[in-house]
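Structure first, commentary second.
Keep in mind that what you see is a predicted model, and the values were worked out from it rather than measured. In what follows, every chain begins at residue 1, and chains take the letters A, B, ... in the order their sequences are listed.
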Amino acid sequence: MTVDRDLFSQDAVDVAPLLLGALLRHGDTVLRISEVEAYQAGDDPGSHAFRRRTPRNASMFGPPGHLYAYFSYGMHVCANIVCSPEGEASAVLLRGGEIVAGHSEARARRGASIPERDLARGPARLTRALGIGLHQDGADLTVDPFELTLPTEPVPALTGPRTGVGGLGGGVEFPWRFWIPGDRTVSVYRRHPRAG
DNA sequence: ATAAGGATGATCT
DNA sequence: GATCATCCTTATA
């Protein structure tokens, strides 16, 4: 079944664990999500929207259930699912998953020699494997060529500090990384040098 | 298995 | 000029 759009009107922290095991389709490629991170509205120093609305983070303030895609480290694109009602900015970063359909397309985008489990292990890898680009920032994820399907049964989840987040927002104060225990497509945890 | 360094550009101070 | 919600390669265990 396809996802009800109202689900994403909740805060990102509440939505994030529900996305584990969910399927995200883009065209012919389908991803089973195994790892996510929540970035909250309001007082989250790790969020791109913490200071103010800018051209880059504008879609985070847009309608829930849409895509927030941003350019990272000069060469990567990362993808979020926007949460909270329109005007309030929270989002769930997609950090890892398993390609369950469209392997040939994913491999064509990622490289022929990439091991199966690494196709979408990591936020920038995942985005590239699915073929998502910056031009799709703000796109509605509940409308073709996108489709979201929630798991029919509850999926176990573990929680911990967010990866790669520095300064405030990087410590154990914000344990908003969620992953499926034992899943081999979960990215390796790397603590930011400046994490609290 | 983990660690370190470079690539590369938008955004902010 | 510094900081990144990163990835890849190479080095050491």
Residue from A:N80, A:T142, A:D137, A:D140 passing side-chain contact (heavy atoms from CB on, under 4.5 Å) with A:H66: A:D140

Residues passing the salt bridge (Lys or Arg N to Asp or Glu O under 4.0 Å) test with A:E37, sequence neighbours excluded, are A:R95

Could you walk me through whether A:R109 and A:T29 satisfy the side-chain hydrogen bond (donor to acceptor under 3.5 Å, both in side chains) test, starting with their C-alpha distance in whole Å, then the side-chain angles of each, then the deciding distance to 0.1 Å, before giving a yes or no? CA-CA 11 Å; A:R109 290 186 284 256; A:T29 312; 2.8 Å; yes

Rounded to whole angstrom units, what separation is found between the OH atom of A:Y189 and the P atom of B:dA3? 12 Å

Can you tell me the distance, in whole Å, between the CZ atom of A:R117 and the C1' atom of C:dC7? 15 Å

For A:V188, the rest of its hydrophobic cluster, which grows through side-chain links under 4.5 angstrom: none

Can you run down the side chain to side chain donor-acceptor pair (under 3.5 Å) pairs that involve residues 118-127 of chain A, sequence neighbours left out, and say none if there aren't any? A:D118-A:R121

Tell me the interatomic distance from A:R190, atom CZ, to B:dA1, atom P, rounded to whole angstroms. 11 Å

Any A:H48 side-chain N or O less than 4.0 Å from OP1/OP2 of C:dA5: yes

Residue A:R184 excluded, over 12 heavy atoms near CZ under 6.0 Å: no

Whichever of A:L126 and A:G167 has its nearest DNA chain C nucleotide further upstream toward 5': A:G167

In whole angstroms, the gap separating P of C:dT6 from CG of A:L134 amounts to 16 Å

Holding to salt bridge (Lys or Arg N to Asp or Glu O under 4.0 Å), I want the full list of residues that pass it with A:E86, two or more places apart in sequence or in another chain. none

d(CZ, A:R162; C1', C:dT6) in whole Å: 16 Å

Please list, in numerical order, the residues of residues 82-108 of chain A that have a heavy atom closer than 4.0 Å to any atom of DNA chain C. A:L93, A:R95

With sequence neighbours excluded, tell me which residues meet salt bridge (Lys or Arg N to Asp or Glu O under 4.0 Å) with A:R53. none

Nucleotide-resolved protein contact map, nucleotides 8-13 of chain B, B/S/- at heavy-atom distance under 4.0 Å: BB-SSS

Would you say the side chain of A:F174 lies within less than 4.5 Å of the side chain of A:P45, judging by non-hydrogen atoms? yes

For A:R25, check salt bridge (Lys or Arg N to Asp or Glu O under 4.0 Å) against everything at least two apart and list the hits. A:D144, A:E147

Can you sort out the partners of A:R110 under side-chain hydrogen bond (donor to acceptor under 3.5 Å, both in side chains), two or more places apart, ordered by chain and number? none

Main chain of A:T163, side chain of A:R177: is a donor-acceptor contact present, judged purely on distance under 3.5 Å? no

Considering only Ile, Leu, Val, Met, Phe, Trp and Tyr, and joining two whenever side-chain heavy atoms are under 4.5 Å apart, list the other residues clustered with A:V30. A:L23, A:V100

Would you mind classifying the nucleic acid contact of A:G164 as base, sugar-phosphate or nothing, using non-hydrogen atoms under 4.0 angstrom? sugar-phosphate

Atom CZ of A:R184 and atom C1' of B:dA1: how far apart are they, to the nearest Å? 13 Å

Provide, to the nearest angstrom, the distance between the CZ atom belonging to A:R109 and the P atom belonging to C:dC7. 16 Å

Dot-bracket for DNA chain B, 5' to 3', counting Watson-Crick or G-U wobble pairs under 3.5 Å, with [ ] for crossing pairs and | for inter-strand pairs? |||||||.||||.

Closest nucleotide among C:dA5, C:dT3, C:dC7 to the A:V165 side chain: C:dA5

Counting primed atoms plus P, OP1 and OP2 as sugar-phosphate and everything else as base, spell out the protein contacts along nucleotides 8-13 of chain C at 4.0 Å heavy-atom distance: B, S or - for each nucleotide, 5' to 3'. S-----

Within the 4.0 Å heavy-atom criterion, would you say A:H192 contacts the bases, only the backbone, or no part of the nucleic acid? sugar-phosphate

Six-ring centre of A:Y189, A:R162 cation under 6.0 angstrom, axis tolerance 45°: no

